[in-house]
Amino acid sequence: MVGYAVAGLVPGVLGVPVLALIAVGGVLSVTRIGLPFLSLVLTAVRGLVGVERTLVRRLLGERVAVPPAPPVLRAVQDAASWRAAAFAVIDAPLAVVLFAVAVPVRLYALAALSYPLWFRAVEQDGHAGIGLTGEVPLDTLPRALAVAAGGLALLAAAGWAGRRLCALVRLLARTLLAPVPAEGQLTARIHDLEETRALAVRDSVATLRRIERDLHDGAQARLVAVAMSLTRAKDALEPQRLDAEKARGLVEQSLGNARTALGELRDLVRGIHPPVLDNGLAPALSSLRSDVQSPRLRIGLRMRLADAPRPHESVETIAYFCAAELLANAARHSGADRVEVSAGFDPGTEPGAVRHLVLTVEDNGRGGAVPSSGLRGLAERVRTIDGTLELSSPPGGPTRATVRLPAPLPPSTAPEDSRS
């Protein structure tokens, strides 16, 4: 208690300028700089109460969760920031009273309690000890013991008052500094949606750049070469300078470039949306076995998708690319000779829970895998639809990657409401 009373005095009394700054921001709110000024003040207040939250946890034993922090210029719209400001303002007089009770009053009580030990060493107005009034000197042992009894009572009262004040601080911290459950969930959800939207935009931009680069450096260059070869073949077939052999060679070269361009375009389309997914996720995952460039790696498949309605194509696409990337990593880095790929639907354990598509890729390799840039990219892509990617890879193996993707039932197959 004493430690918190001393340590919390300075951040506590800073609530007075906080109130003044909020008042100034309120006055300025009619101008263009008012709301940004208030947002900056509230952001600073969150840092101040962060110190208080640490003191409350370490010195009073009260753990208070930290609500999600809004962007700086949106702090004025955040209820948690205003509650933090209310805590700072209320804590200012409370910190002063708690410090007075814990330090000066307690020191005075200790001095009174020890009065019988030192009253003869003090002389005032010609008598030993101090005087209660000018007419009642406290110069005898019974009177000194009475002072000690008063000091003991004052020390007990200070301890009781200090405990009550600390309990009030803990209550205020729980009430004003902790996130409100519904509000905290909503704020966290909004923050998560903002992050996933940014991830989706970044992934889309990266995909567009990759497509543009592949088209420019690949298929476009091949088609330009085809056009140039055909132009030269046309010139070789002119009657005045007929060269059939040269024309045939140029046409064959053009055919080769055209076939290569078609292959590159096919690979590019497969990277956007694999055509094999048109037949369903199970055939698409089965086709991945032929894409793995490792003859010693055996791939086992366990599919539990046949009797379930198909999820949205975005879910199937992300699951396919996750499986392809995880299989490629296992073939290149794990040293495994067997990989098990399983996919199925988890209906959830609670009534009304959203079913999930669960994809698992497990190999018997050396283990010790760490999230690489490729896996971080997969995790970001999975997050865009509220999915998760978990990696378990202890040294010595096995390595197990689990992808969970929300896959709600289509409206036509969702169970009807049985309520009457």
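Positions are given from 1, in the same order as the sequence printed here.
Residues Leu40 and Pro36 form no side-chain contact, since every pair of their non-hydrogen atoms from C-beta on lies 4.5 Å or further apart. Between Leu19 and Val16 there is no side-chain heavy-atom pair separated by less than 4.5 Å. Proximity of Val358 to Phe345: side-chain heavy atoms (C-beta onward) are nowhere separated by under 4.5 Å. Looking only at side-chain heavy atoms (C-beta outward), Thr31 and Phe37 stay at 4.5 Å or farther from each other. Val45 places none of its side-chain heavy atoms less than 4.5 Å from the side chain of Ser81. In this structure, Pro67 and Arg46 have side chains that are in contact, with non-hydrogen atoms separated by less than 4.5 Å. In this structure, the side chains of Leu28 and Leu38 stay at 4.5 Å or more apart for every pair of heavy atoms. Counting only heavy atoms from C-beta outward, the side chains of Trp160 and Arg164 approach each other to under 4.5 Å.
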Identify each donor-acceptor pair in which a side-chain atom of residues 53-63 lies under 3.5 Å from a protein atom, sequence neighbours left out, and give them as a table.
unit_1	atom_1	unit_2	atom_2	d
Arg53	NH2	Leu177	O	3.2
Thr54	OG1	Gly50	O	3.0
Glu62	OE1	Arg174	NH1	3.2

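Between the OH atom of Tyr320 and the CG atom of Leu288 there is a distance of 4.5 Å, given to the nearest 0.5 Å. Atoms CD and CD1, from Glu340 and Ile299 in turn, are 10.0 Å apart once rounded to the nearest 0.5 Å. Between the OG1 atom of Thr175 and the CD1 atom of Ile90 there is a distance of 9.5 Å, given to the nearest 0.5 Å. Taken from CG in Asp78 to CG in Leu42, the straight-line distance is 8.5 Å, to the nearest 0.5 Å. Between His356 atom NE2 and Thr388 atom OG1 the span is 7.0 Å, to the nearest 0.5 Å. Atom CG of Leu285 and atom OG of Ser342 lie 10.0 Å apart (nearest 0.5 Å).
Remark: of the listed residues Thr360, Val361, Leu359, Thr360 is the sole one forming a side-chain contact (heavy atoms from CB on, under 4.5 Å) with Thr402.
For Glu390, there are no salt bridge (Lys or Arg N to Asp or Glu O under 4.0 Å) partners two or more places apart in sequence or in a different chain. Take Arg106 and apply the salt bridge (Lys or Arg N to Asp or Glu O under 4.0 Å) test, not counting sequence neighbours, and it matches no residue. Among residues two or more places apart in sequence or in another chain, the side chain to side chain donor-acceptor pair (under 3.5 Å) test is passed with Trp118 by Ser114. Among residues two or more places apart in sequence or in another chain, the side chain to side chain donor-acceptor pair (under 3.5 Å) test is passed with Thr43 by none. Qualifying salt bridge (Lys or Arg N to Asp or Glu O under 4.0 Å) partners for Glu316, counting only residues two or more places apart in sequence or in other chains: Arg310.
Between the side chains of Ser392 and Arg400, no donor-acceptor pair of N or O atoms lies under 3.5 Å.
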Is there a side-chain contact (heavy atoms from CB on, under 4.5 Å) between Asp91 and Leu94 once you walk through the steps? CA-CA 5 Å; Asp91 189 54; Leu94 191 59; 4.3 Å; yes
side-chain contact (heavy atoms from CB on, under 4.5 Å) between Glu52 and Tyr4, worked out: CA-CA 10 Å; Glu52 283 283 357; Tyr4 176 79; 2.9 Å; yes
